[in-house]
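Accompanying notes for the structure given below.
Throughout, a chain's letter reflects where its sequence line sits, starting with A, and its residues are numbered from 1.
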Amino acid sequence: MSPARVLALLVIWHGVLSLGLFGVGISGLLRAWHALDVVRGAAHAAAVWLAVLSAAAALCIARRAHLGRTLSLVTHYLVFVAALIGLASLLDWFKGLDDLADYAARGTPFLMAFVIVVGYAVRTYERRERPVSPLRRAIGAAVMIAGGVGLALSVGITTALVSWVAKLVAGGWEALGWIGLMIASLFMLRVMWRAPVALWLGARSVFNERLTGWLFLSPNLLGFALFFAGPLLFSLYVSFTNWDAFARRDWVGLENYARVFTIVVQPLATPDQPASEALDIRAYSELFRVHLPGQSFLVGARDRLFWIALGNTLRFGAMAVPLSVVPALLLAVLLNTRLPGMRLYRTLYFIPSIAAVVGVALIWQWMYNSQVGWINYFITSAINAINQVLGTRIPDPQIRWLADSNYALLSVVIMSAWQWIGFNTVLFLAGLQTIPRELYEAATVDGANGRQRFFYITLPMLAPTTLYVLITSTIQALQVFDQVFIISNGTGGPGTSTLTMTLNLYQNGFQSFRQGYASALAWVLFVVIFIFTLFQFRRQRQASGAYDL
Amino acid sequence: MKSYLSSFVRLAFAASMVLSAACVATPAAPAPTQPAPAQPAPAQPEQPTEPTAAPTEAAEVVLRWRTRPDNKEEADVYASISEEVSRKIGVKLVYEPGGSETASYQDVLKTELAAGTAPDVFWIPGTDIADFVQRGLLLDLRPYAAKTEGYSDDNFYPEPMFHLTYNPATGKTGEVLWGLPRDVSTFVLYLNLDLINEAGAPDPRELAKAGKWDWAAFEEVARKVTALGGEIKGFGMNAWWGPYGAFMNAAGGGFFNAERNACNLTSKESLEGLAFLKKLYDEGLAVPYGEDSEPPFRAGKVGMFQNGRWATPGISTVSFNWDVVELPKGPSGHMGNWLFWGAYVVNKNTKYPELAWKLVDALTQPDVQAKVAARGTNIPSRRGEAVFQEFLKILPEKNNQAFLNGLADKPTAEGPLWTGSWPDFDRAMGAKVSDLLTGKITLEEFAKTACDEPSKAFNP
């Protein structure tokens, strides 16, 4: 077939594909618009976008521009992926992923023993004096194939295939459509990739290398779009609805955000006037009172728990960040010395960072028990010892770590800082090891003492690491959830003393099933974290200027 | 590049094979379907559909079911029951032990329901029935029960059945059937007899037998045990609605008004119950509110620990002499106990409603309940002298009668909130009671504001 005819056919194909995708996309978009279904709308908007790509590809191919080949390859690749997802969804592959975790264990012996250990070793292990013989390579390959077959059989390949065919048949035209689209896309990819079409469109090796690079990047890019950017945008949309995760999803505009931020200030007739007399308590709750000379005010909020959670979170961050950064820095300096056993200590300090938060929280919960916990036991023992030795009468405070709202948040701070110190220490250690020793040697020659070396060399040189540690610790602190969830049994108690923003978000989203409102809270939390991070960057930039780094 | 593409295609094919293999293992889960629309207000339950015949390919049907066992041993019991019931009803069953109480069982379940991946049959606590029903997540089992020989609502305790047969649209009971109770439970006081003897306090079991086990006697025992000094406390309970609610009930109060559509925390009776509790905390007679009282009780530092039947297996391993006694009677003349319950319910989207009903029915048969109760964790939800006699024989051979006494003395059923959101009410109430019992606010302050936030949980 002549090049002109082939290219004309390709233009026609792209035109048809474009029209098809456009038709499906627009009709779906209209339906989604009426149903206010953003997920369906996004999927169909993607189809329209692919239609535009395909149309552009047709135009460029008609002009014999290489861009047409690139657009065609991208279009068909994305159509192939979309068809694969459609088919996978139809055949319940995504549910199968969960079950694979359960059934994969059966195949482990085959995978480990035959495929990896025996087969691979036999096939590839060679000694310098005696290379692998063809026979051994064949045996190794056979063992690997046998292992692969065993793996497939053990996880149920035979019944799988039967079921797969059954589901395909049950899927009817839809399944056939997806498969047809996949085959057509693969065929067109092959046509566009290979000569002679590639040559007719002016393909060069540099283009192919570039496309190969994008091909290998594509799983990550698609994953990012589907599992990160997509849900992120979806949550933004949900924050403007009253979605309950089941069916109700009415557009409420900025109502959720208004509820978060609405605050009223009411003058009080007397400082102790009941809130119910000053506020419409069906809509508002008392937040706090301000007593000025001659006049008291009551500050109320539509969602008082948001403000309480915000306050608790900021308090938590204000305590946990310094407590997990400053000791980590000092510890890193200590562990950076060349004393015997330092590697062991580094490991020991790092262990809490990799321990499961739930396990750690449960152990701390027990240690905090005011009656039988170790912490109060040590405090009591220490006070008794001091009283005995010095003859004083210091009372035993018997701190109710988790039962007293004055101490509960502090308890979580201590536990969290203990857990985060190890990781921060490792970061600081890495930073310390990049500081040139010559600087210390020069400073020593100039007569600088240890304190001066620390403040005038170590700290400035660690500034980038410190910024990173501060930012990650702040984000971690503002997002604290697991620790408070376990310690307070999910209540944020006692009272509301350990209710943090993420816990409040969780309670709204997954206990009361106000997904719309919870999404709004999540975006507010994002803005809060963003502001803090921006502030830290600015501060660091100023500090960097001061240190002239 | 050719080799790259070819490898990519081969890899994709291999992955699809493995994935499809996994798909098969999926226990005949129905294809994802849109959950039924939730109703913002109490919903008219869908018109009962005629029970459909079991699919002809019943041998291939797989039903998933889930409970929230308290420990590994109990999960094992349920797993063995699953196999037994599977043989009995001729359906392959997959038992999924849900997480523990602290693992947010209901939150996970609701998320799965929203995603269309929840089991066919599952257990939920009694307080959650209304929430699940009003979101349209549960199947009305009445048509299937009506066809079942020997089935009667009267076989079970009436308190849970009131809620399980409540039609929120008409406000009447008996019209629908949302599930069957798995078990019931009630509070007792677990006693450290060694501490009580050492303190010279009267034996609560004897006082109960003599009809003298009231709040005054209870306080006296707590006071004497606490007087032993050190970290020893007379009483301990955990921080959730059950324990303090029992004291409010015993005083004649409660969380809700009689119609269950308004907050009742500030009634005179409710406040009397809380005032009694607050005195125990303020005077240091109790383990500080908000702390888990079980570790100090197990460590021999608490004289009386209020908890349910579910705590028995754990406590039976302590090294001191222990027993149980019913809750003391309050000013109302009753002990104000709860009748805790949870129910097996059926996913509205199950593909096999009739088989799911058969499973629910089988799981609540006396022989199955006896097996679960034998673990010592639960009390059978079926009534009758024979059931009681069997329960009394269950190990550990302690004062099992105390549990039954609790059930007999006008218990208040753990109840869902048909006119509002129980999670919202519970959260607001819990924070306020916590402030009261930890000394952050006075009883007077509590009385002024306690209902402000919980009242918002009711439907407008």
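- With a 4.5 angstrom heavy-atom cutoff, E453(B) touches chain A only via side-chain atoms.
- No donor-acceptor contact under 3.5 angstrom links the side chains of T438(B) and R400(A), judged on distance only.
- Between chain A and the residues P295(B), S421(B), A299(B), G430(B), the most heavy-atom pairs under 4.5 angstrom are made by P295(B).
- If you tally non-hydrogen atom pairs under 4.5 Å between each of E286(A), Q511(A), Q365(A), Q371(A) and chain B, the highest count goes to Q371(A).
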Query raised in the report: Where do K432(B) and D435(B) land on the salt bridge (charged side-chain N to carboxylate O under 4.0 Å, His left out) test, with the steps shown first?
Result: CA-CA 5 Å; K432(B) 210 71 191 176; D435(B) 284 347; 5.2 Å; no
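- With a 4.5 angstrom heavy-atom cutoff, W366(A) touches chain B only via side-chain atoms.
- For S405(A), the part lying under 4.5 angstrom from a heavy atom of chain B is the side chain only.
- Counting heavy-atom pairs closer than 4.5 Å to chain B, the top residue among A166(A), G493(A), S285(A), A275(A) is S285(A).
- Neither the backbone nor the side chain of P274(A) comes within less than 4.5 Å of any heavy atom of chain B.
- For a residue to count as touching a neighbouring chain, one of its non-hydrogen atoms must lie under 4.5 Å from one of that chain's; by this rule R282(A) touches chain B with the backbone only.
- Among S488(A), G492(A), P494(A), the residue with the largest count of heavy-atom pairs under 4.5 Å with chain B is P494(A).
- Taking the six-membered ring for Trp and the full ring otherwise, the centers of F297(B) and F320(B) sit less than 6.0 Å from each other.
- Using a 4.5 Å cut-off between heavy atoms, Y284(A) contacts chain B through its backbone alone, with no side-chain atom that close.
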Requested in this report: Take D131(B) and K110(B), measure what salt bridge (charged side-chain N to carboxylate O under 4.0 Å, His left out) needs, and give me the verdict at the end.
Outcome: CA-CA 10 Å; D131(B) 192 27; K110(B) 279 193 259 187; 3.0 Å; yes
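- Residue contact with chain A, scored on non-hydrogen atoms closer than 4.5 Å, is absent for L436(B).
- Residues M429(B) and Y244(B) meet the side-chain proximity criterion, which asks for heavy atoms closer than 4.5 Å.
- In plain terms, the two heavy atoms of P296(B) and V372(A) that are nearest each other are CA-CG1, 3.8 Å.
- Contact record, V225(B) with K233(B): CG1-O, 3.7 Å, taken as the closest heavy-atom pair.
- Contact check for Y289(B) versus L277(B): no side-chain heavy atoms found under the 4.5 Å cut-off.
- Only the backbone of Y368(A) comes within less than 4.5 Å of a heavy atom in chain B; its side chain stays farther off.
- Between chain B and the options S512(A), A283(A), A408(A), G509(A), heavy-atom pairs under 4.5 Å are most frequent for S512(A).
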Report task. Mind running salt bridge (charged side-chain N to carboxylate O under 4.0 Å, His left out) on D452(B) and R304(A) for me, showing each step along the way? Result -> CA-CA 12 Å; D452(B) 290 356; R304(A) 103 186 220 282; over 6 Å; no
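- Proximity to chain A (any heavy atom under 4.5 Å) is restricted, for V302(B), to the side chain, taken from C-beta onward.
- In this model, no donor atom of one side chain and acceptor atom of the other lie less than 3.5 Å apart for S497(A) and K440(B).
- Both the backbone and the side chain of N369(A) come within contact range of chain B, judged by heavy atoms closer than 4.5 Å.
- To the nearest 0.5 Å, the span separating CZ on F446(B) from CD1 on I441(B) amounts to 6.5 Å.
- For the options G290(B), A431(B), A239(B), heavy-atom pairs under 4.5 Å to chain A are most numerous at A431(B).
- Of the two parts of T111(B), the backbone and the side chain both hold a non-hydrogen atom closer than 4.5 Å to a non-hydrogen atom of chain A.
- Using a 4.5 Å cut-off between heavy atoms, E209(A) makes no contact with chain B at all.
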